[in-house]
Structures are given as structure tokens and as C-alpha cells.
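What follows is a set of notes on a single structure, which appears directly below.
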Amino acid sequence: MDALQPYLPFLMNLLRLLAIIGLIHAVVTRQQVYWIVMLLFGALFGGLFGLAFAAVYTFMVLIPAARGGSRAAGQAVARGVEALKPLDTRIREAQEQLQESDTLQNRADLAALQARAGRPDDAQATLAPLLSGIYADDPVVLLTSAELDLARHNPADAETKLNRVDLKTSAATRTRTLTLLAQAQDAQGKPDADQTYRDAITGATTEEPRARHAAYLIRQGRAAEARALLDALAKTEQKASGLYRRQEREWFQMAAGLRKELK
């Protein structure tokens, strides 16, 4: 034991670092709550039990994850570390990255960060060059720009862009496009929104169009139709896997709130 004494500070710091890395990994990959709590305790206070859990988590979760898919695990941790940075810092770094390499992905990333920061005008300005260049008809550009138009209360501009999206690109693109299009039509008071929501629900890759359609029907005073949609959503939630429930949590929660409105 005496022989280990000089190395104890190093070992404690190493375990604390593992606790921080493990905490980021546990949050990003949505591990059980007890892992997160114990790793948080180890990362913040460096307590004996917390650090012991860091070692256990490393051998039971991190290392197997790295063996089974080191690239995916590394990306998850990297995303977690990135998410810890202040939003202004991430925007500044994205702007520097765009100056070094003006690509579709870099512009889309910067626009997304600006939108998250509540700066839709800046985000739209970032995307503007893409709307008249070789990427003018790219679904990512059109969808992102249309979302920003809706955030800036310009539903007519959003509708124009959404009508240019190729719905055959993928099922996910079709679902997102039609859902946004219905929102744009609804914001303009167009009756077409009802049918557009129904089209979005057909073959949808997410529960968003059903939840938003139910909200639309409630606003239209069509409570019975809305209730039928919400009941179907409740049945889907009951039968869904844990992963799907987490993935669609926002829309299941929205549906639960709407059901309360109808009572």
C-alpha cells in the first residue's frame, strides 16, 4: 500500500476524469438514472463511491461499447463534450469553420446553432447563399429555410420553399415537408392544411403530424375527430418500445396535454 502512495493523486484524478467522460456518455446514450447520479457524484465531488462507480462504468459500459463500436461510442462522447460548450462559443467556432470551408454542411450547422440561439434572421442570412446556388433544391436547405421562415412568421415564403421539395427523396423528408407545409397553410388560414396533415400522417416516420393535426382539429372546433387521433396516439405509445417512446417523447407529451384540454 505504501508503494502506491505516490501514485494515489494521479489515480484519483484519472478516476475523476473517467467519471466525467462516463457521465457525458451516460447522458448522451440515455443510460439508467442510477448510473448518471453516481457518475455525477464522482465527477463533482470525487467521493470514494462515485469514483468506484466510474471504474465500474468504464469496464461494464464504456469498454464494451468501444469494442462493439468504438467509432459510434467516440462520436457519442464527442457530441456530449460539444454540447457542454456555451452556445455563443459553438456559434463562433462554426463561423470560423465556415470561413475555412464554405460547404453545405458547415452552413447548415451554423444556421441550426443560430436558430437555437433565437436568431432566426441571422440563420436565414447564413442559408441565403445556398438558396440561389447549386444547393437551391437540396431538401436540407429548403426544409431548414422553411422552418426559419415559420419562426420569423413568414408562412407564405415557407410554403413556396416547401412546394419545391422532392417528396420522393425519403419517407422522413416527405413526413417533415408535409408537416411543415400544413403548418404554413394553417398559419395563413388555408383550409388545405387539413388534407396536408392527413397526407403527412400516411406513411409518417414520426408521431409529429398526428399530434399537430389533433391540435389543429381542436382549434377548428372538431373535438371528436381530434379525440380519435389522440386515442390512436395513446395506443401507439402503450405498444411502443422504450426507444421509440423516448424518440417521440415530445409528441406523446403534446398529445397528453391535448387530451387534458378535451376533458
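Since the model is a prediction, treat every value here as computed from it, not as a measurement. Count residues from 1 along the sequence.
If you take CD on Gln114 and CG on Leu87, they are separated by 9.5 Å, rounding to the nearest 0.5 Å. Considering CG of Asn154 and CD of Gln124, their distance stands at 8.5 Å, rounded to 0.5 Å. Taken from OH in Tyr197 to CG in Asp192, the straight-line distance is 12.5 Å, to the nearest 0.5 Å. Taking CG from Leu148 and CG from Asp157, the interatomic distance works out to 11.5 Å, rounded to the nearest 0.5 Å. Between Leu233 atom CG and Leu258 atom CG the span is 9.0 Å, to the nearest 0.5 Å. Put simply, CG on Leu113 and CD on Gln95 are 9.5 Å apart, with the number rounded to the nearest 0.5 Å.
The pair Glu147-Arg176 counts as a salt bridge, with a side-chain nitrogen and a carboxylate oxygen less than 4.0 angstrom apart. Arg90 has no carboxylate O lying under 4.0 Å from a charged side-chain N of Glu93, or vice versa, which leaves the two without a salt bridge. Between Lys235 and Asp231 there is no salt bridge, since no side-chain N of the basic residue sits under 4.0 Å from a carboxylate O of the acidic one.
Between Glu159 and Lys190 the shortest side-chain heavy-atom distance falls below 4.5 Å. Contact annotation: the side chain of Ser145 approaches that of Leu131 to within less than 4.5 Å [non-hydrogen atoms, C-beta and beyond]. At a threshold of 4.5 Å between non-hydrogen side-chain atoms, the residues Pro155 and Asp149 do not count as touching. The shortest distance between side-chain heavy atoms of Arg119 and Ile91 falls below 4.5 Å. No side-chain heavy atom of Asp137 sits less than 4.5 Å from a side-chain heavy atom of Asp166. Tyr244 is not listed as a side-chain neighbour of Glu237, based on a closest heavy-atom distance of 4.5 Å or more. Put simply, the side chain of Asp194 reaches to within 4.5 Å of the side chain of Arg222, judged on heavy atoms. In this structure, Thr175 and Pro209 have side chains that are in contact, with non-hydrogen atoms separated by less than 4.5 Å.
Heavy atoms only, all atoms of each residue included: Thr177 and Thr173 are closest at OG1-O, 2.7 Å. Minimum interatomic distance between Ala215 and Met254 (heavy atoms only, all atoms of both residues): CB-CE, 3.8 Å. The heavy-atom pair separating Arg107 from Leu127 by the smallest distance is O-CD2, 4.3 Å. Here the closest non-hydrogen pair linking Gln238 and Arg245 is O-NH1, 4.2 Å. Here the closest heavy-atom approach between residue Ala172 and residue Thr205 is recorded as CA-OG1, 3.5 Å. Of all the heavy atoms in Ala214 and Leu229, the pair that sits closest is N-CD1, 3.8 Å.
Between the side chain of Arg174 and the backbone N or O of Gly203, no donor-acceptor pair lies under 3.5 Å. Using modelled atom types, no side-chain atom of Ser101 and backbone atom of Gln97 make a donor-acceptor pair closer than 3.5 Å.
A donor-acceptor contact closer than 3.5 angstrom links the side chains of Thr206 and Glu248.
Each of Ile201 and Trp251 belongs to its own hydrophobic cluster when Ile, Leu, Val, Met, Phe, Trp and Tyr are linked at side-chain heavy-atom distances under 4.5 angstrom. In the hydrophobic clustering of ILVMFWY residues, with side-chain heavy atoms under 4.5 Å counting as a link, Ile218 and Phe252 come out together. Two different hydrophobic clusters hold Leu110 and Leu104 under the rule that ILVMFWY side chains link at heavy-atom gaps under 4.5 Å. Linking ILVMFWY side-chain heavy atoms closer than 4.5 Å, directly or via other members, places Leu180 and Leu167 in a single hydrophobic cluster. By the criterion of side-chain heavy atoms lying less than 4.5 angstrom apart, applied directly or through intervening Ile, Leu, Val, Met, Phe, Trp or Tyr residues, Val165 is grouped together with Leu130 in one hydrophobic cluster.
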Please lay out, stage by stage, how Asp186 and Arg219 fare under the test salt bridge (Lys or Arg N to Asp or Glu O under 4.0 Å). CA-CA 10 Å; Asp186 181 23; Arg219 292 195 299 273; 2.4 Å; yes
Go through the steps to decide whether Arg249 and Glu208 satisfy the test salt bridge (Lys or Arg N to Asp or Glu O under 4.0 Å), and finish with yes or no. CA-CA 10 Å; Arg249 180 185 292 116; Glu208 181 181 4; over 6 Å; no
Does the pair Thr236 and Arg210 meet the rule for a side chain to side chain contact (heavy atoms under 4.5 Å, CB included), with working shown? CA-CA 11 Å; Thr236 298; Arg210 277 204 289 182; 2.9 Å; yes
Determine, stepwise, if the pair Gln185 / Thr196 fulfils side-chain hydrogen bond (donor to acceptor under 3.5 Å, both in side chains). CA-CA 9 Å; Gln185 292 169 337; Thr196 304; 2.7 Å; yes
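By the neighbour-count criterion of 12 heavy atoms within 6.0 Å, atom CZ of Arg116 is sparsely surrounded, having that number or fewer from other residues, nucleotides or ligands.
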